[in-house]
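Every value quoted in this text rests on a predicted model; they were computed, and no experiment measured them. Throughout, numbering of the chain's residues begins at 1 and tracks the sequence.
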Amino acid sequence: MTDFTGEHTSLQSFRGEGRKGLRDAPQHITLRKLHLPLPNPYRKWLQIQQELSLRKLTEGSEYQEELKYDFNIKGELRHLDTDESFVFNYYKNGHEQNHKRYKVLGHFITQYVYELLERVCMLQKVYIPTDATEDEPRSFFFMSKNALTSSSSLIILLQDRGVFCAGQWGRRAIVGEGLRHGTQIPFIKMALQSHWEVIVLNPNDNFTDLNSEKERFSAREEASTFTQSVWGIPKRGSSSPEEHTVYVWDHFIAKSAARNVAFIAHGYGGLVFVDLLVQRKCEVMNKVYSVAFIDSTHNMQHQSRHDPEIQEWIHKNCREWVSNSKPLNKTVGFLMRVSCPTFSAGTEKYGLAPSCCLQPIFKYLKSKLKVKITTASRNSPVATRSSTSKKTGNK
């Protein structure tokens, strides 16, 4: 069977003890077809899938007929009548209308992904600033239940700049390729399965509309410049991706019990992380053990102000995956820009880079974590009988 992220789930993960007869069953045969009672995890997902639907969000809107789409079991966006993928040119010779329809679809996808983060990934929505007044515009981010209290590893997901919000790597990838490629959910699931905690930042939620008080995002997807909306008012602590990240760091990440923090930063998110590193140099270097960049737009020479300590830290503790024609995880060299070891994401498509290098990124983070823990254990003093007797004799 296939879950909403497009990842194949073996029957063994859902069978109870004593169902050894299913061990060799083909993957395409589901428990329901075999007329066996559905185990709790799968039954729970079916229930959530029925309750959460993109179509339920679009129904009742003025675009109810124009947006007859929903995500199938593979997480692909398909038309409910034709089963075709999304068609942008719905109106003939109506580019402005088509663009507005696409923006409305993006709004509903954002709400749908938020629901998936809370209902499927079981993340908690945290509103900021923490001292906001009752009528003050607020932003938010998501985190796992024990993100602040657990001493285990903590993974921070930092997305690119764009109209998309928390939980998304890119709207275009979601619409064209599906939830597995365009959302951060596979990364969240893999982190949680590794018994790590997760924080999903929301760096593009920067402004509130003055007229309707609905969310308006002033950053355009894949835009090279950031333009503040004339009609929007900035959200305190989150008026820019940089300010949002620093705020969450100061009030949550820095105060967390996690001893090993890692960042996964895509596109402009890489620049935002380096900005955080420059602003909170000692704190970040002490708490963050590794960073995985994906097509990062950071500029080491400009941002680090030629600080050799920062440059050395990035070269030692970071790795980057870039859109490239080379096979996945093959070394890529740049003549003009080398700040850390760089590898191919296994695709030339920018929007697919995060999903394509999911596995090597987690393999890298786990290896870095193992090295850090091993080094720390070697350097820590070990109490022995001889050392204890010497200390006692010296008193």
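Annotation: the span from Arg171 atom CZ to Ile109 atom CD1 amounts to 7.0 Å, rounded to 0.5 Å. Taken to the nearest 0.5 Å, the SG atom of Cys357 stands 12.0 Å off from the CG atom of Asn324. With rounding to the nearest 0.5 Å, the separation of NE2 in His251 from CD1 in Ile128 is 9.0 Å. One distance of note links CG of Asp70 with CG of Leu77; it measures 8.0 Å at 0.5 Å rounding. Annotation: the span from Arg119 atom CZ to Leu52 atom CG amounts to 5.0 Å, rounded to 0.5 Å. The SG atom of Cys121 sits 7.0 Å away from the CG atom of Leu192 when rounded to the nearest 0.5 Å.
Side chain of Asp205 to main chain of Ser139: no donor-acceptor pair is present (N/O by atom type, distance under 3.5 Å, no hydrogens or angles). A donor-acceptor pair is defined here as one N or O able to donate and one able to accept, closer than 3.5 Å; no such pair exists between the side chain of Asn317 and the backbone of Lys368. A donor-acceptor contact shorter than 3.5 Å is absent between the side chain of Lys235 and the backbone of Thr208. Using a distance-only test at 3.5 Å, with no hydrogens or angles considered, no donor-acceptor pair links the side chain of Thr297 to the main chain of Leu271. Checked by atom type and distance alone, the side chain of Gln159 pairs as donor or acceptor with a backbone atom of Cys165 at under 3.5 Å. Between the side chain of Asp295 and the backbone N or O of Gly267 there is no donor-acceptor pair closer than 3.5 Å. Put simply, the side chain of Asp160 gets close to the backbone of Tyr268: a donor and an acceptor are under 3.5 Å apart. For the pair Lys349 (side chain) and Ala173 (backbone), a donor-acceptor distance under 3.5 Å is absent. With hydrogens and angles ignored, the 3.5 Å screen pairs no side-chain donor or acceptor of Arg101 with any backbone N or O of Asn89. Panel note: side chain Arg172, backbone Gly351; no donor-acceptor pair is recorded below 3.5 Å.
In the hydrophobic clustering of ILVMFWY residues, with side-chain heavy atoms under 4.5 Å counting as a link, Tyr364 and Val371 come out apart. Under a hydrophobic clustering in which Ile, Leu, Val, Met, Phe, Trp and Tyr are joined whenever their side-chain heavy atoms come within less than 4.5 Å, directly or via other members, Leu179 and Leu105 fall into the same cluster. In the hydrophobic clustering of ILVMFWY residues, with side-chain heavy atoms under 4.5 Å counting as a link, Phe108 and Ile174 come out together. When the side chains of ILVMFWY residues are joined at heavy-atom separations under 4.5 Å, either directly or via intervening members, Val272 and Met285 end up in a single hydrophobic cluster. If you chain together hydrophobic residues whose side chains sit under 4.5 Å apart, Leu352 and Val113 never meet in one group.
Inspection of the Trp249 and Glu283 side chains reveals an N or O donor paired with an N or O acceptor under 3.5 Å. For the residue pair Glu348 / Ser325, no side-chain donor-acceptor distance below 3.5 Å is found, with atom types taken as modelled. Donor-acceptor pairing under 3.5 Å is lacking for the side chains of Tyr247 and Ser238. Between the side chains of His298 and Ser339, at least one donor-acceptor pair of N or O atoms lies under 3.5 Å.
Shown are Thr110, Asn204, Thr183; of these, the side chain to side chain donor-acceptor pair (under 3.5 Å) with Gln168 is made only by Thr110.
Note on ring orientation: taking the six-membered ring where Trp is involved, the planes of Phe263 and Phe273 are tilted (angle from 30° to 60°). Relative ring orientation between Phe142 and Phe140 is described as perpendicular, the plane-to-plane angle rising above 60° on a 0-90° scale split at 30° and 60°. Ring geometry for Phe88 versus His95: interplanar angle of 30 to 60°, hence tilted. Ring pair Tyr102/Phe86 is tilted by interplanar angle, where 30° to 60° counts as tilted.
Contact of the Met143 side chain with the Glu197 side chain is not registered, since no non-hydrogen atoms from C-beta on lie closer than 4.5 Å. Residues Ile155 and Leu365 are in side-chain contact: their nearest non-hydrogen atoms beyond the backbone lie under 4.5 Å apart. Considering only heavy atoms from C-beta on, Leu148 stays 4.5 Å or farther from Lys255 through its side chain. Taking the side chain as every heavy atom from C-beta outward, Asp250 and Arg280 approach each other to under 4.5 Å. Residues Gln359 and Met190 have side chains in contact (heavy-atom distance under 4.5 Å, counting atoms from C-beta outward). Using a 4.5 Å heavy-atom cutoff, the side chains of Lys366 and Ser194 are in contact. The shortest side-chain heavy-atom distance between His244 and Val248 falls under the 4.5 Å cut-off. Contact of the Asn329 side chain with the Lys363 side chain is not registered, since no non-hydrogen atoms from C-beta on lie closer than 4.5 Å.
Crowding of His79 atom NE2: a count of heavy atoms from other residues, nucleotides or ligands under 6.0 Å exceeding 12. Counting heavy atoms of neighbouring residues, nucleotides and ligands inside a 6.0 Å radius, atom NZ of Lys326 exceeds 12 of them. Sparse packing is recorded around CZ of Arg259, with 12 or fewer heavy atoms of other residues, nucleotides or ligands lying under 6.0 Å away. Shown here is Asn93, whose CG atom has no more than 12 heavy atoms of other residues, nucleotides or ligands within 6.0 Å.
Between Ile294 and Pro354, the shortest heavy-atom distance links the atoms CD1-CA, 3.9 Å. Closest approach of Ala345 to Leu328, counting heavy atoms only: O-CD1, 3.2 Å. Of all heavy-atom pairs between Val198 and Leu154, the closest is N-CD1, 3.8 Å. Here the closest heavy-atom approach between residue Cys340 and residue Ile314 is recorded as CB-O, 3.6 Å. The minimum heavy-atom distance linking Asn206 with Pro241 is given by the pair ND2-N, 4.0 Å. What you find for Leu80 and Arg55 is that their closest heavy atoms are CD1-CD, 3.5 Å.
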Legend entry - Verdict with reasoning, Ile264 to Phe362, per side-chain contact (heavy atoms from CB on, under 4.5 Å): CA-CA 10 Å; Ile264 301 176; Phe362 274 89; 4.3 Å; yes
Inset, instruction - Run the numbers on Leu358 and Phe187 for side-chain contact (heavy atoms from CB on, under 4.5 Å), then give the verdict. - result: CA-CA 7 Å; Leu358 167 68; Phe187 283 76; 3.6 Å; yes
Inset, instruction - Kindly determine whether Leu369 and Ser290 satisfy side-chain contact (heavy atoms from CB on, under 4.5 Å), including the steps that lead there. - result: CA-CA 8 Å; Leu369 179 61; Ser290 189; over 6 Å; no
Legend entry - Residues Ser61, Leu67; criterion side-chain contact (heavy atoms from CB on, under 4.5 Å); working and verdict: CA-CA 9 Å; Ser61 71; Leu67 293 175; 5.6 Å; no
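By the 6.0 Å and 45° rule, Lys125 stacks over the aromatic ring of Tyr114.
For Tyr350 and His266, the ring centers are positioned less than 6.0 Å apart.
Scored by the side chain to side chain donor-acceptor pair (under 3.5 Å) test, Ser151 finds no partners at all (sequence neighbours excluded).
Ion pair Glu76/Arg78 flagged as a salt bridge, since at least one NZ, NE, NH1 or NH2 atom sits closer than 4.0 Å to an Asp/Glu carboxylate oxygen.
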